**Q** 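Before I ask anything, here is the structure I am working with.
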Amino acid sequence: MPEFQSGVGTARIVVRQARLRVFTPLYGLADAAQRARELRDAGAGGVATFEGPHDVFAPLTVAAAVGGLDLMTNVAIAFPRNPIHLAHQANDHQLLSGGRFFLGLGTQIRAQIEKRFGAQFDNPVGRMTELIAALRAIFEAWNSGTRLDFRGDYYRHTLMTPTFSPGPNPYGPPPIYVGALGPKLTRATAQHADGLLVMPFGTKRFLHNSTLPAVRDGLQASGRRQDEFTIIPEIIVSAGDTDADREKAAVGTRRLLAFYGSTPAYRPVLAAHGWEDMQPELNAMSKQGRWQEMGALITDEMLHTIAACGTPADVAAHIRDRVDGIADTVCLYQAAPLALSALTAIIDGLQPKA
């Protein structure tokens, strides 16, 4: 049986008396400001963009003028970008938003980095760790006026003349978060970054048995306490106000889970539940271009274990069960944009009852 499925009597819901802040995806570009206002009015505390058909920063540039919302790249693919480029984009968005920007970074997978971006992927954990250090050195040079002198294995920054320095940011440098799945990158993120973006293709069991132990190891290595580090679980949501809406959402969510499941990097999540043999089958189908057929392989058990499914109340209960005692912020992830009414109901359901 799935670890949590609404209606299953054995599921134990522990509602922590704390308000959950919700990030939700910001799709599109031309209407980004209007959509951001609608999401804010629906109760979202922040919006996040992903590296898709548009540049990951552009919609946030437009949405920065909308007050009352935090902004986050979730995620900007790090390795094709130079640390100086990332630092300028992050610093500018921190200024534009009045200190409401979070720089979320990700490694992606080897095939995407090497074949789509034409960049290097070797030693992704070491490369990401050094990129974080380079960003901190650049931010420090801008904010304190100290000489920029960063020399690493992958990045080298030793020149910052006044012409190219934006100077001190009145809001300080933006926090650096990293999306991670495997234990090595998760541990490195907890040791070096400000926060962890828990990948959306995940489960409660994987979060507790794999992710959190790696976080504890990284924090111990850094000498930091857990309250000095932010964990933001990303959870795939499949919801609707009506039966027809929920069925339509489930079809898209099955396809999304099949897409993720076809990737070797996500096999450990499937293995945590004994489903690892499905990964090679999904991978083979993806290489044959059988994308429409792959969703049929996702069983109801898989659907309800990985994704938060059903009515808005069901979804809120699933999310509460998964993140209780771990996080006060979650990022919702959907195969298609949620209706604003469903989003409002989910966010309301996540808040403590009076």
Side-chain angles (χ1 to χ4, degrees), residues 1-8 11 22-28 35 38-39 42 44 48-54 74 199-204 206 233-263 265-267 269-270 273-319 321-322 330-347 349:
M1 294 297 294
E3 289 178 52
F4 180 86
Q5 182 173 356
S6 178
V8 178
V22 174
F23 274 87
T24 191
L26 179 63
Y27 299 101
R35 182 62 177 173
E38 293 171 348
L39 294 171
T49 52
F50 71 103
E51 197 89 66
H54 299 291
N74 189 14
M199 302 303 286
F201 189 86
T203 66
K204 180 180 177 180
F206 189 82
E234 305 176 70
I235 299 177
I236 294 172
V237 169
S238 180
D241 292 318
T242 67
D243 289 342
D245 290 340
R246 290 188 285 274
E247 180 58 33
K248 182 179 179 180
V251 171
T253 303
R254 289 179 194 274
R255 290 175 182 167
L256 178 64
L257 297 185
F259 166 75
Y260 274 118
S262 70
T263 305
Y266 291 104
R267 186 168 183 171
V269 177
L270 297 172
H273 298 267
W275 302 327
E276 62 269 29
D277 290 345
M278 183 173 290
Q279 189 277 318
E281 184 177 359
L282 288 170
N283 185 261
M285 293 176 71
S286 71
K287 291 179 178 178
Q288 296 164 6
R290 298 164 60 188
W291 298 103
Q292 298 300 317
E293 303 171 47
M294 290 164 57
L297 271 65
I298 303 300
T299 65
D300 287 347
E301 183 182 13
M302 296 174 67
L303 176 67
H304 286 272
T305 301
I306 299 172
C309 304
T311 66
D314 295 334
V315 169
H318 179 125
I319 293 172
D321 179 68
R322 193 185 299 194
V330 294
C331 187
L332 308 186
Y333 187 86
Q334 307 117 44
L338 277 174
L340 291 173
S341 57
L343 176 63
T344 297
I346 292 170
I347 294 172

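The structure displayed is predicted, hence computed values, not measured ones. The figures that follow rest on heavy atoms only: side chains count, while hydrogens, waters and symmetry mates do not.
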**Q** Between atom OG1 of Thr344 and atom CG of Leu338, what is the distance when rounded to the nearest 0.5 Å?
**A** 10.0 Å
**Q** Listed by chain and number, what are the side-chain hydrogen bond (donor to acceptor under 3.5 Å, both in side chains) partners of Glu293, not counting sequence neighbours?
**A** Arg290
**Q** Look up atom CG in Asn74 and atom CD in Glu234, then write down how far apart they are to the nearest 0.5 Å.
**A** 4.0 Å
**Q** Who pairs with Arg322 by side chain to side chain contact (heavy atoms under 4.5 Å, CB included), at least two apart in sequence or on another chain?
**A** Lys204, Leu207, Ile235, His318
**Q** Report yes or no: does Asp314 contribute a side-chain atom to a donor-acceptor pair with the main-chain N or O of Thr311 at less than 3.5 Å?
**A** yes
**Q** Locate the shortest heavy-atom distance separating Ala308 from Val315; write the atom from each residue and the value.
**A** O-CG2, 3.5 Å
**Q** With a 4.5 Å cut-off on side-chain heavy atoms, are Thr263 and Phe201 touching?
**A** no
**Q** Hey, does the side chain of Arg246 reach the backbone of Gly240 with a donor-acceptor pair shorter than 3.5 angstrom?
**A** yes
**Q** Is the shortest side-chain heavy-atom distance between Val237 and Leu343 below 4.5 Å?
**A** no
**Q** Just wondering, do Leu340 and Leu39 contact through their side chains at under 4.5 Å, heavy atoms?
**A** yes
**Q** Does Thr299 reach the side chain of His304, with side-chain heavy atoms less than 4.5 Å apart?
**A** no
**Q** For the CD atom on Glu247, are there more than 12 heavy atoms of other groups (residues, nucleotides or ligands in this structure) within a distance under 6.0 Å?
**A** no
**Q** Would you give the length of the straight line joining atom OH of Tyr266 to atom CE of Met199, rounded to the nearest 0.5 angstrom?
**A** 3.5 Å
**Q** Are the side chain of Ser262 and the backbone N or O of Phe259 linked by a donor-acceptor pair below 3.5 Å?
**A** yes
**Q** Test of understanding: with side chain to side chain contact (heavy atoms under 4.5 Å, CB included), list the residues that count as partners of Pro312, not counting sequence neighbours.
**A** Asp241, Ala342, Ala345, Ile346
**Q** Please report the interatomic distance CZ(Arg255) to CD1(Ile298), rounded to the nearest 0.5 Å.
**A** 12.5 Å
**Q** So which heavy atom on Ala48 is nearest to which on Cys331, and how close?
**A** CB-SG, 4.4 Å
**Q** CZ of Arg35 to OG1 of Thr24: how many Å apart, nearest 0.5 Å?
**A** 7.5 Å
**Q** Counting C-beta onward and ignoring hydrogens, is there a side-chain heavy-atom pair between His54 and Thr49 closer than 4.5 Å?
**A** no
**Q** In Å and rounded to the nearest 0.5 Å, what is the CD to CG distance from Gln334 to Leu256?
**A** 10.5 Å
**Q** Looking at every heavy atom in both Met302 and Leu257, which two are closest together, and how far apart are they?
**A** O-CD1, 4.3 Å
**Q** How far apart are the closest heavy atoms of Ala44 and Ile347, and which atoms are they?
**A** N-CD1, 3.5 Å
**Q** Using only heavy-atom distances, determine whether the side chains of His273 and Thr203 contain a donor-acceptor pair under 3.5 Å.
**A** yes
**Q** Within the 4.5 Å heavy-atom criterion, are Glu281 and Asp277 side-chain neighbours or not?
**A** no
